[in-house]
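Chain letters run A, B, ... following the sequence lines, proteins first, then strands; residues in each count from 1.
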There are 2 protein chains.
Amino acid sequence: MDERDIRLLKAISDLETGSPERLHEETDIPVSTIHYRLNNLREAGVIKNDLYDVDLEKVGLGVTVLVEILTDYSGSHHDFKEKILDVEGVTQAYFTMGETDFIVVAHLSGSEKVERLITDFETLEEVERTNSTFVVSTLRDSARVLQNYELETLLDELLEDE
Amino acid sequence: MDERDIRLLKAISDLETGSPERLHEETDIPVSTIHYRLNNLREAGVIKNDLYDVDLEKVGLGVTVLVEILTDYSGSHHDFKEKILDVEGVTQAYFTMGETDFIVVAHLSGSEKVERLITDFETLEEVERTNSTFVVSTLRDSARVLQNYELETLLDELLEDE
DNA sequence: TCTGAAAAAATAGCCGT
DNA sequence: ACGGCTATTTTTTCAGA
């Protein structure tokens, strides 16, 4: 994986497309080279299928951290939500009803990057306290949610209205 | 969304492909009808792009729950991990170093389905206690992890070895 | 709403660099 | 490894049922 590969993967994520033509426009890499590169990345297991699901371990973002965030502000969280999402590496962010206000999942390139992540959160004025949990191993991180259901269940549960 | 749509979406998830040809083999729906259907689903916002990212709200799996699982067994969790993943609706599952052993994210079709989920976990013999947290609103649930990084950061952090 | 057939695009392969 | 080119395969469009 060199710079070109990373630019390509980033373009796929940003544009949300696998179209060689569009990727060429974005990256200036010739269409046939894009092919060549993507085939190699697939071979290496970095990209998984024709939906371009990325293997986070292989791409170098294999460290996962869960962060609970408690705020000291009880009004509208509107602006604060934006600030949370601005923190680099945050892939999931939930506003919850439990003991903490927000729960965040972040994918990082190394465990030493956790410090920066926490600092970014603690720096926000609305944050009262954070509580981080290291992920030792990921049993599943499913990009395709429907895989985790039987067809029968989906038909039962999603078809009730019509 | 009728049965055909659901079968189609399920096939996309299972086969991890958007290829009309492959989807035809799986579902027996004619290739050009698959197109017609997918266009409608895209129009309706159920599918987001040509990578077939699904809108969970629109598809009817908009309820998210986080479950902490504490086990009473301190040996190998190997078989137990399988049991967790067998619970329907579990999309993320992490083995952690924190106060609890496992943290699970599940996407459900309604809040009344939470009961079944918890029961499924509590029924497992290794489970000592569970603690569920309802998600009030999802700020982000990113299928494309690289979107949450600047290109500069990716180049800095992922390129260090070569 | 659906589909077969035509048009367009993506992929594979060749080969000189 | 790269990338221009052509051949092949696959996807997308669309008129008509």
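- Applying the salt bridge (charged side-chain N to carboxylate O under 4.0 Å, His left out) rule to B/Lys113 yields no partners; only residues at least two apart in sequence or on another chain are considered.
- Pairs of residues two or more places apart, or lying in two chains, that qualify as salt bridge (Lys or Arg N to Asp or Glu O under 4.0 Å) and include a residue from residues 128-148 of chain A are A/Asp53-A/Arg144, A/Arg144-B/Asp53.
- Running 5' to 3' along DNA chain D, contacts with non-hydrogen atoms of chain B at under 4.0 Å begin and end at D/dT11 to D/dT13.
- What separates CD1 of B/Ile29 from C1' of C/dT1 is a distance of 13 Å, to the nearest Å.
- Residues meeting the salt bridge (charged side-chain N to carboxylate O under 4.0 Å, His left out) test with A/Glu43, sequence neighbours left out: none.
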May I have the list of side-chain donor-acceptor pairs in residues 22-32 of chain B shorter than 3.5 Å, sequence neighbours left out?
unit_1: B/His24; atom_1: ND1; unit_2: B/Ile29; atom_2: O; d: 2.8
unit_1: B/Thr27; atom_1: OG1; unit_2: B/Leu23; atom_2: O; d: 2.7
unit_1: B/Thr27; atom_1: OG1; unit_2: B/Ile29; atom_2: N; d: 3.3

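- Scanning for side-chain hydrogen bond (donor to acceptor under 3.5 Å, both in side chains) contacts around A/Glu157 gives B/Ser109, with sequence neighbours left out.
- Residues satisfying the salt bridge (charged side-chain N to carboxylate O under 4.0 Å, His left out) criterion with A/Lys58, sequence neighbours excluded, are absent altogether.
- OP1 or OP2 of C/dT1 sits under 4.0 Å from a side-chain N or O of B/Tyr36.
- Applying the salt bridge (Lys or Arg N to Asp or Glu O under 4.0 Å) definition to pairs two or more places apart or across chains, none involves residues 61-82 of chain A.
- Checked against ring pair (Phe, Tyr, Trp, His ring centres under 6.0 Å), A/Phe102 has the following partners two or more places apart in sequence or in another chain: A/His77, A/Phe80, A/Phe95.
- An OP1 or OP2 oxygen of C/dC2 is reached within less than 4.0 angstrom by a side-chain nitrogen or oxygen of B/Arg37.
- Linking Ile, Leu, Val, Met, Phe, Trp and Tyr whenever their side-chain heavy atoms come within less than 4.5 Å puts A/Ile12 and A/Leu56 in one cluster.
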ask   = For every nucleotide of nucleotides 4-17 of chain C, 5' to 3': is a protein heavy atom under 4.0 Å from its base (B), only from its sugar-phosphate (S), or from neither (-)?
value = B-----SBS-----

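- Taken over five-pair windows at either terminus, the axes of the helix from C/dT1-D/dA17 to C/dT17-D/dA1 are inclined to one another by 30° (rounded to 10 degrees).
- Applying the salt bridge (charged side-chain N to carboxylate O under 4.0 Å, His left out) criterion to B/Glu152, with sequence neighbours excluded, gives no partner residue.
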